[in-house]
Amino acid sequence: MSIFRDIPPTAGFPLHAQEIVAAITCSRGEDPLADDFKKYLNAPYARTTCSGTAALFFICCAIQKMTSRRTILIPSFICPLVPLALRRAGFTVAVCDIGAQDFNFDQARLETICAANRDIAAVVINHLAGIPADVEASLTVARKHNIIVIEDCAQALGAFSKDRKVGTLGDFAFFSFAAGKGLTMYEGGMMATMHEQYASLLDDAAALYAPRNAALETVRVLQLFGYWLFYRPALFWFVFTLPQQLWHLCGNDIRALREHFNLNFPLHAVSRFRIGVAHSAFTRLDGEIAQQREKALWYFRKLEGCRGVRLLQESSGDRATYPYVTVVFDDPAARNKVLQHCVRAGIGISQIYARAIGDYPYLKKIVPAEPYDNGRLIVKRTLTLSTNTFLTEKDADEVVRIIKEML
Ligand SMILES: Cc1ncc(COP(=O)(O)O)c(C=O)c1O
């Protein structure tokens with residue numbers, strides 16, 4: 001292990017200097033990134049926001065105006081920022097456990113919950129790990145009970161469910177441009193809808209809750225320059241792995257995975273400069289995804305037939321983006337062994353979330369604490385393998401060697 005060669009755990013796009021220059025000189029439109037998304041999704045409406053969480057919050061504000069129901073349903077394994085956004089918008093959070101095999105809802109439970117709770121306004125479908133969720137199954141249940149569908153595409157920009165892009169399948173969608181999420185502006189997001197009639201509701205929410213904040217935006221611009229400088233193997237350890245290890249030493253796995261959040265998440269307008277940077281990088285989307293898929297294939301091939309592990313893959317006919325590859329271990333103890341061995345190895349092995357959504361102490365008053373068995377199991381049994389652009393096939397071989405040795 002060398003602290004001067006540390007591979008990021010997910011496939012964030014490194015920023016190119018020419019993208020920064022292009023952002024300074026580009027003068028096209030108010031929100032050229034939203035224009036990119038409208039064109040890409042063939043959607044009538046898209047708008048850049050200061051985070052994926054902010055985008056979800058605005059979507060919830062719009063839903064407040066569309067229905068008198070006040071509960072939103074989420075899966076048991078999802079980013080803890082999601083229930084915070086729902087709560088801040090005034091909704092009660094309900095949870096449906098995921099199934100035993102992947103990140104999709106347990107469909108039987110979904111049907112039971114939606115049939116029993118007439119207060120459910122919307123359901124969040126999560127395309128986690130860049131793998132398109134089974135939208136069709138959840139959509140059928142949602143439509144039957146007159147429930148709005150929000151697609152969480154924070155980790156899945158560029159993925160296809162059959163021949164349709166994720167983000168175009170439900171009623172609303174949001175994306176994230178946080179550091180490490182692929183296309184980035186350090187912190188940022190996009191909200192979109194295929195229904196033109198909801199556009200003004202989303203715009204009203206953004207106008208009301210996202211004022212200009214010069215101080216915070218200046219911080220974000222500096223963070224984006226920091227990302228440009230440090231998001232490379234030679235420097236990544238100092239800004240990411242070192243603090244992560246310190247939090248692990250303090251026994252705080254939630255902070256180590258950067259999952260300590262609160263209801264007071266920032267809401268503000270994004271500068272033309274940061275929008276311009278992501279707009280310039282947008283042209284790289286297909287090329288970067290092709291690379292990610294190629295690296296995911298290395299793992300699929302090298303671990304094929306390996307007893308004791310299963311790799312989560314796209315369903316037939318779908319196209320996942322694989323910002324990382326998810327490995328499910330039969331035995332949680334074997335997972336722990338690999339994780340402990342590799343956490344300092346600098347080869348991009350990590351975890352998705354520290355807890356099932358009902359188990360974060362700071363969400364205690366927001367998320368009902370029920371036994372989400374499959375959500376908890378996936379926390380204990382999974383780890384993630386990087387498909388970052390800096391990962392070489394030699395690194396992948398080393399990862400596979402360690403996994404096989406520990407099994
Ligand atoms: C699945 C998922 N949903 C929502 C979010 C929130 O996005 P953001 O970090 O841009 O607020 C994230 C990212 O952390 C995520 O991974």
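Quantities reported herein were computed from a predicted structural model and do not represent experimental measurements. In listed order, ligands and their atoms are each counted from 1.
- Shown here are the ring pair (Phe, Tyr, Trp, His ring centres under 6.0 Å) partners of F240, two or more places apart in sequence or in another chain: F236.
- Here the two rings, on F300 and Y322, have centers that are under 6.0 Å apart.
- Annotation: the span from I24 atom CD1 to R272 atom CZ amounts to 12.0 Å, rounded to 0.5 Å.
- Classification of E30 and R47 as a salt-bridged pair fails, no side-chain N sitting under 4.0 Å from a carboxylate O.
- The backbone N or O of W228 lies less than 3.5 Å from a partner atom in the side chain of R232, making a donor-acceptor pair.
- A donor-acceptor contact shorter than 3.5 Å links the side chain of R274 to the backbone of E187.
- By the criterion of a heavy-atom distance under 4.0 Å, the side chain of Y353, and not its backbone, is placed next to ligand 1.
- Residue contacts with ligand 1: F174 is included, with a non-hydrogen atom under 4.0 Å away.
- Applying the ring-ring contact (aromatic ring centres under 6.0 Å, His included) test to every pair with at least one member in residues 103-126, sequence neighbours left out, gives these pairs: F77-F103.
- Every atom of ligand 1 is numbered from 1 in the order shown, and the set under 4.0 Å from a heavy atom of G188 is 10 (O).
- For ligand 1, the atoms sitting less than 4.0 Å from at least one non-hydrogen atom of Q155 are 16 (O), numbered in the order shown with element in parentheses.
- For ligand 1, one of its N or O atoms has an N or O atom of K181 under 3.5 Å away.
- Of the protein's non-hydrogen atoms, the one nearest atom 10 (O) of ligand 1 is S176 OG, 2.6 Å.
- Ligand 1 has a nitrogen or oxygen under 3.5 angstrom from a nitrogen or oxygen of G52.
- Of all protein heavy atoms, the one closest to atom 3 (N) of ligand 1 is D152 OD2, 2.6 Å.
- Remark: ligand 1 atoms within the under-4.0 Å shell around heavy atoms of N126 are 1 (C).
- Closest to atom 5 (C) of ligand 1 among all protein heavy atoms lies C79 SG, 3.7 Å.
- In terms of protein heavy-atom proximity, atom 6 (C) of ligand 1 is nearest to T53 OG1, 3.5 Å.
- For the residue pair H195 / D171, a side-chain donor-acceptor distance below 3.5 Å is found, with atom types taken as modelled.
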